[in-house]
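Single-structure report; data block below.
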Amino acid sequence: MTEYESVPSAVDDETEIPTDHPRYQDLLTRHRIEAGVEKGITHLQGMHAEGRGSAFDYLLGEETIPSADDAERAAAAQLLLADHPVISVNGNVAALVPGEVVDLASTVNAAIEINLFNRTPERMERIADHLRDHGAEDVLGLDADARIPELDHERSKVDAEGIYEADVVVVPLEDGDRAEALSEMGKTEIVVDLNPLSRSPQVAAIPIVDNIIRAFPNTTEHARALADADDATLREIVDSFDRAEALAAAEDRIRSGDLAGE
Ligand SMILES: Nc1ncnc2c1ncn2[C@@H]1O[C@H](COP(=O)(O)OP(=O)(O)OP(=O)(O)O)[C@@H](O)[C@H]1O
Ligand SMILES: CC(C)(COP(=O)(O)O)[C@@H](O)C(=O)O
Ligand code: BAL
């Protein structure tokens, strides 16, 4: 080997991104959104939403901060306590974490429902097929036989047996209007959003300020660890979670410029 030949880094089979790239996870996320757009799963505007999330993730140090881990544990406990939990899926979530949605849903016995801001029958069908390809058995959202009150838009369309009836809803990467309307309906909301100042985490009972590609697997891991816990233990975990403190901790990390590992 001459001194000019370099040893190739290990590359991700799916994306050809070098796995030792310092910002591998961010590049992978971006790649998945691009592939989602190409497959007709993700709306083009999903790239813009991704860019916003990516900027906040950079400032958080691209890691699950301790307050987010606490939120993920509280979310797992809340989901295990729920009678009728539902995970809401949009085009970004479907592209980023389809298998992880199915894993979390099966671990906490939750339903999966597609709810889109830019709703078209084609995208609904493609996302449902994509989730089924990743192991989902039932995918709700296609019937759209109920409406979220006070929300005058396509995203108000929900299934009567899904989000409409749910007691606990996981609402990732969503807009504040819908989160507020669901909260008005009395739902307990678990929001995943990298921007702690967005309205959706601000109205959530459990705001998770973390990248969904880390948040969902970690919530599932917590749920597995808590699978045998009794209701009193789960209730104690939920009650001791302080939502305002979690939001403040995320904002502090962002404002401090204290990037992990630097
Ligand atoms: N991979 C990701 N993980 C977690 N959050 C993400 C990710 N990608 C994007 N986001 C967040 O998802 C949100 C996209 O939703 P949207 O743009 O509808 O909300 P918004 O208008 O910013 O907020 P709001 O209406 O709640 O004030 C953004 O806040 C963005 O930071
Ligand atoms: C792009 C998206 C994040 C999702 O859009 P959809 O998959 O149509 O629900 C949307 O909510 C937005 O903020 O513009
Ligand atoms: N999610 C669509 C744009 C917004 O209300 O933020």
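Just follow the structure's listing: the first ligand is 1, and inside any ligand the first atom is 1.
Residue N211 places at least one N or O, backbone or side chain, under 3.5 Å from an N or O of ligand 1. For ligand 1, none of its N or O atoms has an N or O atom of V192 under 3.5 Å away. Residue L194 has at least one N or O atom closer than 3.5 Å to an N or O atom of ligand 1. For G46, no nitrogen or oxygen atom sits less than 3.5 Å from a nitrogen or oxygen atom of ligand 2, counting backbone and side chain alike. For ligand 2, the polar-atom distance check finds no N/O of R119 at less than 3.5 Å from any of the ligand's N/O atoms.
The backbone N or O of I41 lies less than 3.5 Å from a partner atom in the side chain of R123, making a donor-acceptor pair. Under a 3.5 Å cut-off, the side chain of T42 and the backbone N or O of G91 do form a donor-acceptor pair. The closest donor-acceptor contact from the side chain of N118 to the backbone of H43 lies at 3.5 Å or more, if one exists at all. Although no hydrogens or angles enter the test, the distance criterion places a donor-acceptor pair under 3.5 Å between the side chain of S200 and the main chain of E174.
Counting atoms of ligand 1 from 1 in the listed order, those under 4.0 Å from a heavy atom of E50 are 1 (N), 8 (N). Atoms of ligand 2 found under 4.0 Å from any heavy atom of G91 (numbered from 1 in listed order, with element): 7 (O). The distance from ligand 2 to the heavy atoms of Q45 drops below 4.0 Å at these ligand atoms: 1 (C), 14 (O). For ligand 1, the atoms lying closer than 4.0 Å to a non-hydrogen atom of G53 are 8 (N), 9 (C), 10 (N), 30 (C), 31 (O). Shown in contact with L96 at under 4.0 Å from a heavy atom are these atoms of ligand 1, numbered in order with element: 1 (N). Under a 4.0 Å criterion applied to the non-hydrogen atoms of A49, ligand 2 contributes the atoms 3 (C). Ligand 2 places these atoms under 4.0 Å from at least one heavy atom of N90: 4 (C), 7 (O), 9 (O).
Comparing R52, R199, Q202, R32 by heavy-atom distance to atom 21 (O) of ligand 1, the nearest is R52. Within the set G46, G176, S198, the minimum heavy-atom distance to atom 20 (P) of ligand 1 is found for S198.
For the pair D210 and ligand 1, a heavy-atom separation below 4.0 Å is found.
One hydrophobic cluster, built from ILVMFWY side chains closer than 4.5 Å, holds both F216 and F241.
Each of T220, T219, N218 was scored for a side-chain hydrogen bond (donor to acceptor under 3.5 Å, both in side chains) with E72, with one residue passing: N218.
Checked for salt-bridge contact, K157 and D145 miss the test: no charged N lies under 4.0 Å from a carboxylate O. Salt-bridge formation is not detected for the pair R52/D57: no Lys NZ or Arg NE/NH1/NH2 atom is positioned less than 4.0 Å from an Asp or Glu carboxylate oxygen. The pair R73-D70 does not meet the salt-bridge criterion, since no charged nitrogen lies less than 4.0 angstrom from a carboxylate oxygen.
Residue-level proximity to ligand 2 for R123 is carried by the side chain, the only part with a heavy atom below 4.0 angstrom.
The number of heavy atoms from other shown groups lying within 6.0 Å of CG (D228) does not exceed 12.
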